[in-house]
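Fair warning: this is a prediction, and the values are worked out from it, not measured in the lab. Chain naming here is simple, since letters A, B, ... match the order of the sequence lines and numbering starts at 1 in each. Both backbone and side-chain heavy atoms feed into the values below; hydrogens, waters and symmetry mates do not.
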Amino acid sequence: MNALKQELEQLLSEALARLTGTLLPTAVDAKNIVIERTRDPANGDFATNIAMRLAKGAGLKPVDLAKAILDVLPASPHVVKCEVAGAGFINFYLAGDAQAQVVRQVHELGDAFGRNGSGGNKKVLVEFVSSNPTGPLHVGHGRHGAFGMSVSNLLVANGYQVQREYYINDAGRQMDILAVSIWLRYLEACGERFAFPANGYKGEYIRDIAANLLQKVDATYQRPEGELFGNLPADEPEGGDKDEYIDALVLRARALIGDDAFREILDLGLAAILGDIEQDLGEFGVHYDRWYSERSLAENGAIDRALQRLAKHDHVYEKDGALWFRATNFGDDKDRVVVRENGVKTYFASDIAYHLEKRERGFDILLDILGSDHHGYVARVRAALEAMGEPGESLEACLVQFVTLFRGGEKAQMSTRSGEFITLRELRGEVGNDACRFFYVMRGNDQHLDFDLELAKSRTNDNPVYYIQYAHARVSSVLRQLASKGHDYDGTLGLASLAQLTSVHETAVLTALAKYPEVITLAGANRAPHTLVHYLRDLANSFHTYYNAEQFIVEDAALRNARLALVLAVQQVVRNGLALLGVSAPETM
RNA sequence: GCGCCCGUAGCUCAGUCGGAUAGAGCAUCGGCCUUCUAAGCCGAGGGUCGCAGGUUCGAUUCCUGCCGGGCGCGCCA
């Protein structure tokens with residue numbers, strides 16, 4: 001919170017207290033006492049609409065009430081003028097040197113400027129990406145990674161205790177299909193020839209894993225294709241059902257090579273793909289505190305415990321041989337199966353157990369970053385939490401909309417090289433990590449994202465990443481020039497001379513700097529990194545404008561150092577903001 | 001059919017608790033480099049905030065109903 005804003009709210013509430021019992025019938029609720037920044041500097045620096053809010057209850061015209069409030073408003077050295085304007089606004093004009101104090105604050109706090117305790121030290125578990133480990137990450141996952149990481153950083157900056165987690169879907173049918181896909185490619189590498197199943201994983205990376213398997217076990221797991229395909233249902237190209245076919249193939253594979261060998265292949269594939277995902281995200285600056293295995297939930301009995309907890313309160317029932325959770329009692333559309341007729345627990349059962357386990361670890365907020373196509377999950381997981389006696393509000397979801405890649409004006413979802421979906425790695429290679437991280441969080445998460453590859457790559461003035469980074473580099477450049485002109489930056493003199501920063505451009509920069517802590521609070525509270533992106537653009541704009549309008553390195557030592565103190569503060573704030581977004585702040589460009 | 005999200009300038013999008021003349025970028029047009037990086041700055045044009053009601057001092061913002069777009073509604077994950 002801005003200190004000046006706080007002071008104004010204090011002054012205002014004192015004035016209102018003085019009127020209580022005379023003009024105002026009752027004491028004014030503190031939450032109605034709001035000071036806002038003005039949009040137009042012509043209306044002062046801050047304003048309040050309090051008179052308009054209270055006029056009706058007081059039986060007065062807003063303008064008259066505003067005047068009455070002004071009459072009893074305590075004086076402050078930081079306020080040079082207050083006036084009634086418009087329909088009854090009260091506008092405050094700040095003293096210049098009061099505004100300049102933000103520069104001192106930035107220099108004192110450095111990297112910590114903007115950090116605050118608004119999160120109240122609450123424990124948050126941010127779960128994001130959690131892509132099925134059946135293949136490399138594509139561009140949609142990249143948005144989740146960038147968004148989840150930036151939100152986590154913002155929460156930390158706002159005084160939350162944050163843990164980041166990747167939930168590994170390493171159990172269930174998809175894993176079996178992965179294993180069988182690898183095995184089939186391995187058989188091909190052994191020289192067998194057959195049609196690859198329609199529902200198998202067909203990516204090139206499966207062949208790479210199969211090649212590793214071959215190198216490791218030689219032909220140990222080779223079986224003739226006659227044994228393999230005899231007596232199976234038809235695959236889709238032959239008019240059959242691809243799901244039935246692949247499930248039968250999984251059973252056949254297990255029968256032929258044994259469960260242990262099948263598991264070995266599965267684990268080999270899982271490790272390879274997960275390793276690739278971890279490396280990819282790591283290079284992208286996306287790091288986790290924990291990689292949480294779905295399989296471990298079954299193995300350590302967490303799923304059974306969760307189901308028992310539901311059963312204990314009579315929130316499950318049997319129907320058609322399956323076990324159902326009575327989700328409709330907790331606001332969901334329909335009841336949900338947790339144990340199938342065949343005795344296998346559903347993915348949803350794991351999900352319940354996982355979220356319960358998060359609560360048991362003491363997290364106040366379970367923040368799930370989900371694809372917008374998963375929005376249906378929120379209600380049912382929340383229902384399950386409530387059924388288990390946990391607060392439903394503890395589960396919070398950010399739904400991230402899809403990414404569409406464009407190259408110029410054309411959609412470009414497919415890689416021209418591989419013919420498959422463009423991977424995150426390809427995208428990073430083409431446009432660079434900085435532009436990727438920036439573009440991914442440039443829009444609100446509930447907005448579809450059009451990602452223009454040409455724009456992200458362009459090194460011209462229409463690329464917003466460079467625009468902000470350039471502001472940072474320019475300050476470094478000014479310091480280099482300063483040295484080459486035989487000057488040193490004198491911080492003590494600069495901070496003592498801040499009162500000289502009175503031009504319109506300097507005032508605009510000061511105002512922008514003062515907003516930063518408010519932006520961090522807001523962006524954190526709303527889980528909205530794009531708010532910070534827009535702010536940094538504005539800050540950079542005010543700086544570039546100032547740069548073009550005035551010379552910083554002037555003869556007058558006091559003025560020179562005051563200006564340098566100001567632009568160094570800009571550099572610090574740009575660096576702080578970009579760090580939260582995971583974007584580098586270069587010294588030169 | 002039901003549920004969630006979106007609809008704001010030619011395009012892509014901001015817009016906080018309802019507030020003053022609705023803002024950026026791109027694109028278009030016109031200016032600014034012998035002075036700290038022109039990856040920059042300044043200016044101009046461009047709007048029925050999807051439509052229609054309601055709530056009130058005041059609605060892009062809140063409520064209702066439509067229209068248009070995306071997604072989801074499985075004993076898949």
Side-chain angles (χ1 to χ4, degrees), chain A residues 31-32 34 36-40 42-43 47 49 52-53 55-56 61-62 85-89 91 132 134 169 171-175 177 243 294 319-324 333-334 336-342 344-348 350-351 371-379 399 401-402 406 409 442-450 452 455 458-467 469-471 473-482 484-485 518-519 521-523 525-526 528 530-531 533-534 537-538 540-541 543-554 563-564 567 588-589:
Chain A
K31 78 173 173 22
N32 283 329
V34 179
E36 299 177 302
R37 283 190 182 279
T38 56
R39 201 158 33 200
D40 186 347
N43 293 323
N49 59 3
M52 289 181 281
R53 296 169 85 104
K56 198 171 190 182
K61 286 182 188 163
F89 290 99
N91 295 338
N132 277 346
T134 53
N169 298 123
R173 182 164 170 267
Q174 296 307 319
M175 285 291 100
I177 296 175
D243 286 305
E294 178 188 359
K319 192 182 91 183
D320 304 330
L323 191 68
W324 297 70
D333 294 343
K334 50 186 79 169
R336 308 287 174 178
V337 172
V338 286
V339 182
R340 297 204 286 265
E341 191 180 2
N342 62 11
V344 177
K345 295 172 186 89
T346 59
Y347 174 85
F348 177 50
S350 305
D351 243 14
S372 57
D373 54 334
H374 282 62
H375 68 256
Y377 278 94
V378 181
L399 300 172
Q401 293 285 351
F402 297 142
F406 285 86
M442 200 164 50
R443 306 293 178 224
N445 59 285
D446 51 10
Q447 200 70 237
H448 285 264
L449 179 65
D450 289 343
D452 189 330
L455 179 61
S458 73
R459 307 190 143 260
T460 61
N461 57 2
D462 45 358
N463 191 328
V465 193
Y466 293 120
Y467 184 86
Q469 289 181 320
Y470 186 41
R474 261 187 160 174
V475 176
S476 295
S477 171
V478 168
L479 289 187
R480 288 190 293 271
Q481 283 296 323
L482 183 72
S484 76
K485 289 181 180 176
E518 298 162 36
V519 168
T521 308
L522 186 69
N526 294 344
H530 75 277
T531 307
V533 171
H534 286 274
R537 212 255 152 218
D538 287 346
N541 180 38
F543 169 76
H544 288 310
T545 301
Y546 179 34
Y547 181 96
N548 272 272
E550 294 179 53
Q551 195 75 14
F552 307 151
I553 305 174
V554 292
R563 286 179 173 172
L564 290 171
V567 298
T588 59
M589 290 184 74

Exercise. Taking the nucleotide of RNA chain B with the closest heavy atom to each, which residue, A:Thr588 or A:Trp324, is nearer the 5' end?
Worked result: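 Of the two residues, A:Thr588 wins.
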Problem set entry | Residue met sooner reading RNA chain B from 5', once A:Asp40 and A:Glu294 are mapped to nucleotides |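 Looking at RNA chain B, the more 5' nearest nucleotide goes with A:Asp40.
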[atom1] gap between [N] and [M], integer Å:
N      : M      : atom1 : answer
B:rA39 : B:rG45 : P     : 28 Å
B:rC75 : B:rC71 : P     : 22 Å
B:rA38 : B:rU16 : C1'   : 35 Å

Hey, does the side chain of [X] come within less than 4.0 Å of [N]'s phosphate (OP1/OP2), counting only N and O?
X        : N      : answer
A:Asn548 : B:rC42 : no
A:Tyr547 : B:rA39 : no
A:Gln447 : B:rA14 : yes
A:Arg340 : B:rC76 : yes

For this session: Decide yes or no, distance alone: a donor-acceptor N/O pair under 3.5 angstrom between the base of B:rA14 and the side-chain of A:Asp538.
Result: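 No, the side chain and the base share no sub-3.5 Å donor-acceptor pair.
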For this session: Using only heavy-atom distances, decide whether a donor-acceptor pair under 3.5 angstrom links the side-chain of A:His375 to the base of B:rG3.
Result: yes
For this session: Answer syn or anti for B:rC33, where the cut-off is 90° from 0 on the glycosidic torsion.
Result: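 Chi for B:rC33 falls in the syn range.
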Problem set entry | Syn/anti label of B:rC11 as read from its glycosidic torsion, with the cut at 90° from 0 | anti
Exercise. So what does A:Lys61 touch, heavy atoms closer than 4.0 Å: a base, only the sugar-phosphate, or nothing?
Worked result: nothing
Exercise. Is there aromatic stacking of A:Phe89 against B:rA20, centre distance under 5.5 Å, plane angle under 30°?
Worked result: yes
For this session: Heavy atoms only: give me the nearest A:Phe348-A:Val337 pair and the separation to one decimal.
Result: CD2-O, 4.1 Å
